[in-house]
Asker: 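Have a look at this one.
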There are 2 protein chains.
Amino acid sequence: MDTIINKVDTKGRVSLPSDYRAIVKELSTEIVCYRSLTSPCIEGCAEELLEKIASDMETSLDFFSQTQDELTNLIFGDARRFSFDSTGRILLTEKLLKHAQITDTAVFVGKGRKFQIWNPENWEKEEARIRAEIFKNRPSLSNKGGM
Amino acid sequence: MDTIINKVDTKGRVSLPSDYRAIVKELSTEIVCYRSLTSPCIEGCAEELLEKIASDMETSLDFFSQTQDELTNLIFGDARRFSFDSTGRILLTEKLLKHAQITDTAVFVGKGRKFQIWNPENWEKEEARIRAEIFKNRPSLSNKGGM
DNA sequence: AAAAATCCCATGATATACCATAAGAGAAGG
DNA sequence: CCTTCTCTTATGGTATATCATGGGATTTTT
C-alpha cells in the first residue's frame, strides 16, 4: 500500500483509493473512520478491526476499569461507518475534516490493516519526522540486516 | 456509533438518530432509558440488552463494592421504556432531562451496544477529559492496540 | 375541561445513489 | 519501440430518498 493523493470535492466526498477499497471489499462495503488519538489525521479500517482494537485495548488496561468505560465512549462515540457508493467514494464529516485540517486534498497512507488520511502538508512533515526517527535508530536496524 | 446533535423541541421531543433507530428497530420499536449512575447523562439501549448491560456495569464498577442487587435495582428501578413514533422521536421525561441538564439540544454518543444522551457543553468537557486521560496512558495502549 | 401525550402531515436540509465525463494504466498490435 | 485501444479509476454533476424538525390534530389522562 503506497500513499495516494486524492481530491476532496466541495461536498466533502473523497474517492477511497482502489487498492484500499479492494481490501475492505472482501469483508464488506463500508469502512469505519475516526479521529486519530495521537495525530491530526483521520484513521480508517474495517469494522471488524475496530472491535478488535477496542477489545485489545480493554485487555491491555491495567489501571481502573472505569477507563474501559471511557474508552468505549471515545472509540464508539467518535467512530462512524462510511459506506462507499458505486464509484467508491465516501462523504467525510466536518468533524473529521477539521481534525485533520483537510480542505481540498487528502493523502491516504497505508498502515497495515488500517490507514490514515492526512492533510498533504502535515503528512509531509510527519513523514520527515518518521524518517528522522528511523535514521536515529539506524544502528539497531543494520545489525539485523533488515534494510 | 458516532456522535450526533439533535434538537429538543418545546414539547421535549427528540429525534433518535436514524442509525441508532435502525439497529433497535430490528428488535423492537422502543428503547429503554435511565439515568447514568456515573455521569450527568441519560443512557439508552434496546430492552433486550438492559439486563446484560446491568451485569456489565456491575463488573466494571466493582470498586464501588456494592452488591449486585443494589445496582440492578437502581438501574431497573429507574429505567423506562420509550417508544418512538413514525418519525422516530421519543418524548423524554423531566427527570431524565434534568439529570442530564438538557434543555433544547441533546448530544447522542454511541457506546457500542448502548448510547448516552448529553448536554452539549457537558459532553464537550467530558470528551476532552477522556481524551486527555487516554492520551496520558497511551504508552501502555500502543503496545497492543495500535490506535 | 385542561393538560399531556400520541399521531400525522408538511417542509427544508442533507445524505445517498446514479449517470457521465475525464484521466491514467496496462495490453495488444503494428 | 511506439501507438492505439480498452479497462479501471477518479471526479464532477444531478436526481432521488431519507431524515430532522416544526406545526397541527386527535386522543388519553387526571
Side-chain angles (χ1 to χ4, degrees), chain A residues 1-26 28-34 42 44 47 79-98 102-110 115 117-120 123, chain B residues 1-26 28-33 42 44 79-98 102-110 115 117-120 123:
Chain A
M1 273 206 201
D2 49 22
T3 66
I4 284 171
I5 300 174
N6 276 347
K7 285 195 175 176
V8 181
D9 70 13
T10 51
K11 303 178 193 171
R13 292 183 300 181
V14 204
S15 278
L16 199 62
S18 62
D19 289 349
Y20 294 58
R21 217 184 309 158
I23 290 174
V24 178
K25 218 164 199 172
E26 294 170 5
S28 71
T29 173
E30 56 189 17
I31 58 167
V32 170
C33 291
Y34 53 91
I42 303 166
E47 187 178 354
R80 209 198 112 177
R81 275 193 284 264
F82 291 86
S83 55
F84 39 88
D85 60 19
S86 54
T87 61
R89 277 184 294 198
I90 54 173
L91 183 69
L92 294 172
T93 61
E94 266 304 316
K95 187 176 74 178
L96 291 177
L97 291 172
K98 189 181 169 192
I102 293 172
T103 54
D104 59 350
T105 312
V107 179
F108 288 78
V109 183
F115 62 89
I117 313 176
W118 286 77
N119 163 300
W123 170 243
Chain B
M1 277 206 211
D2 204 3
T3 298
I4 283 170
I5 301 174
N6 276 346
K7 285 194 177 177
V8 181
D9 69 14
T10 51
K11 302 178 191 175
R13 295 181 299 180
V14 204
S15 278
L16 198 63
S18 62
D19 288 350
Y20 294 52
R21 219 184 311 157
I23 292 173
V24 177
K25 220 165 198 172
E26 295 171 4
S28 71
T29 172
E30 54 189 18
I31 58 167
V32 171
C33 291
I42 304 165
R80 211 201 103 177
R81 277 196 290 257
F82 292 86
S83 56
F84 40 87
D85 61 19
S86 56
T87 60
R89 279 184 290 202
I90 55 174
L91 185 69
L92 294 171
T93 62
E94 264 307 313
K95 185 177 74 177
L96 291 177
L97 290 172
K98 189 182 170 191
I102 293 172
T103 54
D104 61 349
T105 312
V107 179
F108 290 77
V109 182
F115 62 88
I117 313 176
W118 286 76
N119 163 300
W123 170 242

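Protein chains get the first letters and strands the later ones, always in sequence-line order, with residue 1 at the start of each.
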Asker: C/dT6 C1' sits how many Å from B/Glu30 CD, rounded?
Answerer: 14 Å
Asker: Which of the following nucleotides, D/dT21, D/dG12, D/dA10, is nearest to the side chain of A/Asp9?
Answerer: D/dG12
Asker: Out of the candidates A/Asn6, A/Ile4, A/Val8, only one should pair with A/Ser15 under the side chain to side chain contact (heavy atoms under 4.5 Å, CB included) rule; please name it.
Answerer: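 So, applying the side chain to side chain contact (heavy atoms under 4.5 Å, CB included) to A/Ser15 and each of A/Asn6, A/Ile4, A/Val8, only A/Asn6 qualifies.
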Asker: When the distance from CG of B/Leu92 to P of C/dA5 is rounded to whole Å, what number comes out?
Answerer: 11 Å
Asker: Could you tell me the separation between the CD atom of B/Glu94 and the P atom of C/dA3, rounded to a whole number of Å?
Answerer: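 It works out to 16 Å between those atoms.
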Asker: Have a look at A/Ile4 and say if it touches a base, only the backbone sugar-phosphate, or nothing, with a 4.0 Å heavy-atom cut-off.
Answerer: nothing
Asker: Of all the nucleotides listed (D/dG12, C/dT16, D/dA10), which has the minimum atom distance to the side chain of A/Lys7?
Answerer: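 Comparing D/dG12, C/dT16, D/dA10 against the side chain of A/Lys7, the answer is D/dG12.
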Asker: So does B/Lys95 have more than 12 non-hydrogen atoms from other groups sitting under 6.0 Å from NZ?
Answerer: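 It does: B/Lys95 NZ has more than 12 such atoms within range.
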Asker: Spell out protein contact along nucleotides 7-14 of chain C as letters: B when the base is contacted, S when just the sugar-phosphate is, - when no protein heavy atom is under 4.0 Å; keep the 5' to 3' order.
Answerer: BBB-----
Asker: Please state how far atom CG in A/Leu16 lies from atom C1' in D/dA10, giving the value in whole angstrom units.
Answerer: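 Distance, rounded to whole Å: 12 Å.
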Asker: Mind checking if A/Arg80 touches a base, just sugar-phosphate, or nothing, with heavy atoms under 4.0 Å?
Answerer: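 Contact class for A/Arg80: sugar-phosphate only.
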Asker: Using whole Å, report how far CZ of A/Phe108 lies from C1' of D/dT9.
Answerer: 13 Å
Asker: Would you mind reading off the distance between B/Asp2 atom CG and C/dA15 atom C1', rounded to a whole angstrom?
Answerer: 13 Å
Asker: Can you check whether A/Tyr20 reaches A/Ile31 side chain to side chain, under 4.5 Å on heavy atoms?
Answerer: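 In short, these two side chains do not touch, never coming nearer than 4.5 Å.
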Asker: Distance check, rounded to the nearest 0.5 Å: A/Ile117 atom CD1 versus A/Leu16 atom CG?
Answerer: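 If I round to the nearest 0.5 Å, the distance is 7.0 Å.
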Asker: May I ask you to say what B/Ser18 touches in the nucleic acid, namely base, sugar-phosphate or nothing, with a heavy-atom cut-off under 4.0 Å?
Answerer: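 Sugar-phosphate contact only.
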Asker: To the nearest Å, give me how far apart CZ (B/Phe82) and C1' (C/dA5) are.
Answerer: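 Whole-Å distance recorded here is 12 Å.
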Asker: Let me confirm one number: the NZ-CZ distance from B/Lys7 to B/Arg13, rounded to the nearest 0.5 Å.
Answerer: 13.5 Å
Asker: Between B/Leu96 and B/Phe82, does the side chain to side chain contact (heavy atoms under 4.5 Å, CB included) criterion hold? Intermediate values first, please.
Answerer: CA-CA 12 Å; B/Leu96 291 177; B/Phe82 292 86; 3.5 Å; yes
Asker: Heavy atoms, side chains only, cut-off 4.5 Å: are A/Trp118 and A/Thr3 in contact?
Answerer: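 No, too far: nothing below the 4.5 Å cut-off.
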Asker: For A/Ile90 and D/dA10, give me the distance from atom CD1 to atom P, rounded to whole Å.
Answerer: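 After rounding, the gap between these two atoms is 12 Å.
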